[in-house]
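Encoded as structure tokens, the structure appears first; notes follow it.
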There are 2 protein chains.
Amino acid sequence: MGNLADRIEVYLKRILEQSKDGYIILQRGVLAEEFSCAPSQINYVLNTRFSIDRGYLVESRRGGGGYLRIIRLEFGSEPDFPQLMKKLIGNNLSQTRAFNLLHRLREDEIITRREEEILRTILHRDSLGEENPQTNGLRANIMRRVLLTISREDLQ
Amino acid sequence: MGNLADRIEVYLKRILEQSKDGYIILQRGVLAEEFSCAPSQINYVLNTRFSIDRGYLVESRRGGGGYLRIIRLEFGSEPDFPQLMKKLIGNNLSQTRAFNLLHRLREDEIITRREEEILRTILHRDSLGEENPQTNGLRANIMRRVLLTISREDLQ
DNA sequence: GACTTTATGACCATCTTTGACCTTTAATTA
DNA sequence: TAATTAAAGGTCAAAGATGGTCATAAAGTC
């Protein structure tokens with residue numbers, strides 16, 4: 001965790017966890033100031049660590065009184081999360097996006113750490129073959145079917 | 001044992017021995033610096049001394065804050081695990097044989113029921129494509145990599 | 001001397017960090 | 001109130017920081 005992006009991620013997740021409403025509001029400039037970094041670094045963290053695939057939504061507003069709002073999307077209670085996931089997966093899934101989705105499933109405790117590692121192994125380029133439309137299609141296919149499996153009643 | 005590769009190997013194995021989680025994290029550049037050698041020498045050591053056949057997995061990350069993670073596999077004490085795996089799986093694995101193997105792993109309590117179902121889903125024809133030498137090769141590849149993953153000491 | 005193992009360096013891939021420039025919105029002013 | 005200014009946040013490309021690969025040289029071994 002030596003790098004800045006990771007530290008900012010940890011910090012944001014910590015206060016997000018403490019917030020009771022499932023979201024936090026903050027200012028980009030202030031946060032950048034606290035970490036002594038370029039403001040755009042905050043955007044980098046938001047894009048890579050708080051993406052939709054990872055289960056976060058970021059709203060913002062510019063101008064005076066501008067802000068960032070980071071919202072945690074939990075589907076722990078969502079009964080048809082496979083449906084949502086299906087939308088996220090589509091017919092093409094890159095390794096990066098697949099890993100992000102697994103990250104989210106793990107954070108929501110829908111899969112265990114071991115299951116995440118097993119699935120990462122399988123969805124890795126080294127298993128499926130170099131990244132191209134065909135393997136990305138295969139990856140999407142596998143991911144969709146896995147979600148159906150883990151949402152089976154008898155496996156809860 | 002006077003050569004560099006051997007000395008690096010001994011060093012890494014010593015700290016790996018002391019680690020309680022079965023893995024260590026370090027930086028390639030730093031290690032190379034400590035041994036006053038080319039960074040690629042570290043890769044040489046990892047490839048020749050910390051290969052899968054010898055019971056290790058190596059993960060890495062590039063860019064700022066990058067690192068190497070060397071993970072010990074459980075079968076470290078079982079020296080012919082790779083041999084066994086070759087015999088069981090080989091370069092071609094039909095769906096039927098894969099399912100039988102999963103069943104055995106489940107009976108031996110090496111994987112959970114849920115893990116078995118997930119893996120069945122993935123190794124099914126409907127995921128990988130109709131049975132042919134190519135998909136059977138892919139299935140074998142996946143199976144092999146999954147077995148290695150669940151042998152990771154940090155996942156026990 | 002031929003073969004194998006070890007070591008290096010040039011070049012590549014990926015992830016992070018920064019800075020210059022842009023857009024949007026609120027506050028102020030004429 | 002329309003125009004202007006100030007105060008946010010957004011984008012993107014380039015530079016920086018790692019680790020990976022591969023051909024080749026150097027060193028050992030038989």
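Per chain, numbering begins at 1; letters A, B, ... match sequence-line order. Note: hydrogens, waters and symmetry copies are ignored here, and every other heavy atom, side chains too, is used.
Rounded to a whole Å, the CD atom of B:Q41 is 14 Å from the P atom of D:dG20. For the pair B:Q27 CD and D:dG20 P, the interatomic distance rounds to 12 Å; values are reported in whole Å. The distance between atom CG of A:D6 and atom P of C:dT16, rounded to the nearest whole Å, is 6 Å. Atom-to-atom, CD of A:E59 to P of D:dG10 comes out at 12 Å; the value is rounded to the nearest Å. Here D:dA26 presents its P atom at 17 Å from CG of B:L4, a figure rounded to the nearest Å. Rounding to whole angstrom units, CD1 of residue B:I70 and P of D:dG19 are separated by 12 Å. In this entry the distance linking CG of A:L46 with P of C:dT17 reads 14 Å, nearest Å. With rounding to whole Å, B:R28 atom CZ is found 16 Å from C:dA7 atom P.
For B:E33, the CD atom counts as loosely surrounded, since its 6.0 Å shell holds 12 or fewer non-hydrogen atoms of other residues, nucleotides or ligands. For CD of A:Q18, the number of neighbouring non-hydrogen atoms (other residues, nucleotides, ligands) closer than 6.0 Å is greater than 12.
Figure legend: B:R120 and B:F99 shown as a cation-pi pair, the cationic atom lying under 6.0 angstrom from the six-membered ring centre and within 45 degrees of its axis.
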Exercise. Test A:Q41 against A:F35 for side-chain contact (heavy atoms from CB on, under 4.5 Å), laying out the working first.
Key: CA-CA 10 Å; A:Q41 175 72 0; A:F35 282 91; over 6 Å; no

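Within residues 116-126 of chain A, no residue has any heavy atom closer than 4.0 Å to DNA chain D.
A:G66 comes within 4.0 angstrom of sugar-phosphate atoms only, judged by non-hydrogen atoms across all strands, and of no base. Looking at heavy-atom distances under 4.0 Å, B:I42 makes no contact with the nucleic acid at all. Among the atoms of the strands shown, only primed sugar atoms or phosphate atoms (P, OP1, OP2) are found under 4.0 Å from some heavy atom of B:L68. At a threshold of 4.0 angstrom between heavy atoms, the contacts of B:N43 include nucleobase atoms, whether or not backbone atoms are also involved. If you check every strand for non-hydrogen atoms under 4.0 Å, A:R49 touches sugar and phosphate atoms only.
For the pair B:C37 and B:R62, nearest-nucleotide mapping onto DNA chain C gives the more 5' position to B:C37. Of the residues near DNA chain C, B:S40 and A:S40, the one whose nearest nucleotide (by heavy atom distance) lies more toward the 5' end is B:S40.
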Would you list the atom pairs, donor with acceptor, under 3.5 Å between side chains in residues 81-91 of chain A and any protein atom, with sequence neighbours excluded?
none

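Checked for salt-bridge contact, A:D154 and B:R113 meet the test: a charged N lies under 4.0 Å from a carboxylate O.
Applying the 4.0 Å criterion to OP1 and OP2 of C:dT17, one finds that A:Y44 has every side-chain N and O outside that range. A close approach under 4.0 Å does not occur between any side-chain nitrogen or oxygen of A:S60 and OP1 or OP2 of D:dA8.
For B:R114 against A:I150, the heavy-atom pair with the smallest separation is NH1-O, 3.9 Å.
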